Amino acid sequence: MNILILGGGGREHSLAWATLQNPKCDTLFVAPGNAGIAQIATCVSLDIEDGTAVVQFAMAQAIDLVIIGPEAPLAAGVADDLRAADITVFGPSAAAARLESSKRFTKEICAAADAPTAGYAAFTDADAAKAHIRAHGAPIVVKADGLAAGKGVVVAPDEETACAAVDDMLGGAFGQAGAEVVIEEFMTGEEASFFVLCDGQDVLAIGTAQDHKCVGEGDTGANTGGMGAYSPAPVLTDAIANRAIEDIIKPTVAEMARRGTPYQGVLYAGLMIKNGAARLVEYNVRFGDPECQVLMLRLGGQALDLIQACAEGRLGEAKVNWADDHAMTVVLAAKGYPGAYEKGTKIGGLEAQSDTSKRVIFHAGTSRINGDLCANGGRVLNATARAETLRDARDAAYDLVDSVDWPEGFFRRDIGWRAL
Ligand code: AMP
Ligand code: GLY
């Protein structure tokens, strides 16, 4: 098979790595990729949000399967363009991607599907939104309706913070994405991520994970894209996961199909777990980053078979071959992230590492400058390992971290603290 992966982060490096573990893959292109991906696949510079450009490239290279990593090309309708050109693609249509690109839409789907989630109301008028906040009290959660690069959610401890968030969002801080706000009941419990493949009709759970969103140890400081993750998430027991499939995932997929916008791709459900049951926090229409890295290390080459079965509408006959193991990834980020950080700093120590099926350093924001490996983004490397126990996976992941020579980088020492 000739395969094209869209994206250039740690998520896409792990997708590329798993794809290449499968002998089915003959040629692998990644657009735009990064310095780590360039060591294992052919990187191409393509505007991945330009459907016409992606279709042209896929036709010219006789691509059999396109795997879309990030949400932006999905929201832009690149999967629709590929399907219209009869090219097999893993990823939802723009209409189905609204499960991530519109918070209000997701709430409406949950209401129609009777899926448990936080109570909500949506507003375009600031005074009405503030009256709602005062009537319900704090803590309360204010969300920009649209995609806001992970910054559009304010969990407000008091009414003043919530009202300020409303002014910010409706005042244009996030442009069109904040033209409407969703105000939600504050849920308590423990959060976990649940990953399910959907082919429009059938669903197949492929793993659970827990992310670490805060920049600082002990879950302190600013929110990031994620500083580390592990899989499986012990809080998401089989019983809770099965119930989430029946109560949340299947009704959502059925409602999307009923509306004529079937969901195809990976559905990433952020769940809040309390008293043995899960409620939906949010959907994402893609793999999580860095959650994908731990899932791919655990799944290995079968990930491609599962993704292909999903893209071809054959999930009903697919099965996951679970290994009874644990994986952890630790993110190395540029000092200053998620605020301002320096680019172009040199990274050493990776030459001594060779990837194995149990330990891989996935690259995120890296590039080569005059042959040197350099940091080129906020999140830069993902030291990822798997083992029979989470403790051993953690020790192996931190061994990898310690092998990296990058004085301008930092990481959290406490990934996995909740489960350990
Ligand atoms: P989201 O982008 O919707 O996942 O929100 C980002 C984070 O805000 C989530 O991972 C939760 O930690 C928190 N959050 C979002 N909605 C709620 C809610 N209704 N109750 C409590 N926490 C929430
Ligand atoms: N790690 C969180 C996300 O990918 O949305």
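Just so it is clear, the structure is predicted and the values come from calculations on it, not from any experiment. Basis for what follows: all heavy atoms, side chains included, without hydrogens, waters or symmetry-related copies. Indexing begins at 1, ligand by ligand and atom by atom, following the structure's order.
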Open item on the list: For Tyr120 together with His132, are the ring centres under 6.0 Å from each other?
Closed with: no

TODO: Of the side chain and backbone of Phe287, name the one, both, or neither that has a heavy atom under 4.0 Å from an atom of ligand 2.
DONE: neither

Contact check, side chains of [X] and [Y], non-hydrogen atoms, under 4.5 Å:
X	Y	result
Met227	Phe410	yes
Ile5	Leu28	yes
Ile183	Val166	yes

Open item on the list: Would you say CD of Gln176 has more than 12 non-hydrogen atoms from neighbouring residues, nucleotides or ligands within 6.0 angstrom?
Closed with: no

- [ ] Would you indicate whether Lys24, at its atom NZ, is surrounded by more than 12 heavy atoms from other residues, nucleotides or ligands within a distance under 6.0 Å?
- [x] yes

Task: ring pair (Phe, Tyr, Trp, His ring centres under 6.0 Å) contacts in which one or both residues fall within residues 189-209, not counting sequence neighbours - done: Phe195-Tyr268

Open item on the list: Would Arg11 count as a contact residue for ligand 2, given that I'm defining contact as a non-hydrogen atom of the residue lying under 4.0 Å from a ligand atom?
Closed with: no

Open item on the list: When you measure from the heavy atoms of Ala229 to every atom of ligand 2, does any distance fall below 4.0 Å?
Closed with: no

Hey, which atoms in ligand 2 end up nearer than 4.0 Å to a heavy atom of [X]?
X	answer
Gly288	4 (O)
Asp211	1 (N), 2 (C)
Gly225	1 (N), 2 (C)

Write 'none' if nothing qualifies; otherwise put on separate lines each N/O atom of ligand 1 with a protein N/O atom under 3.5 Å away and their distance to 0.1 Å.
unit_1   : atom_1 : unit_2 : atom_2 : d
ligand 1 : 2 (O)  : Lys103 : NZ     : 3.4
ligand 1 : 2 (O)  : Glu282 : OE1    : 3.3
ligand 1 : 3 (O)  : Lys103 : NZ     : 3.2
ligand 1 : 3 (O)  : Lys143 : NZ     : 3.1
ligand 1 : 3 (O)  : Glu282 : OE1    : 3.4
ligand 1 : 4 (O)  : Glu282 : OE1    : 3.1
ligand 1 : 4 (O)  : Glu282 : OE2    : 2.7
ligand 1 : 10 (O) : Glu191 : OE1    : 2.7
ligand 1 : 10 (O) : Lys213 : NZ     : 3.3
ligand 1 : 12 (O) : Glu191 : OE1    : 3.4
ligand 1 : 12 (O) : Glu191 : OE2    : 2.4
ligand 1 : 16 (N) : Lys143 : NZ     : 3.0
ligand 1 : 19 (N) : Glu184 : OE1    : 2.8
ligand 1 : 19 (N) : Glu185 : O      : 2.9
ligand 1 : 20 (N) : Met187 : N      : 2.8

TODO: Taking the six-membered ring of Phe287 (Phe, Tyr or Trp), confirm whether the NZ or CZ of Arg11 is under 6.0 Å from its centre and within 45° of its axis.
DONE: no

- [ ] With atom 3 (C) of ligand 2 as the reference point, say which of Lys213, Arg379, Arg286 has the nearest heavy atom.
- [x] Arg286

Open item on the list: When you measure from the side chain of Thr224 to the backbone of Lys213, do you find a donor-acceptor pair of N or O atoms at a distance under 3.5 Å?
Closed with: yes

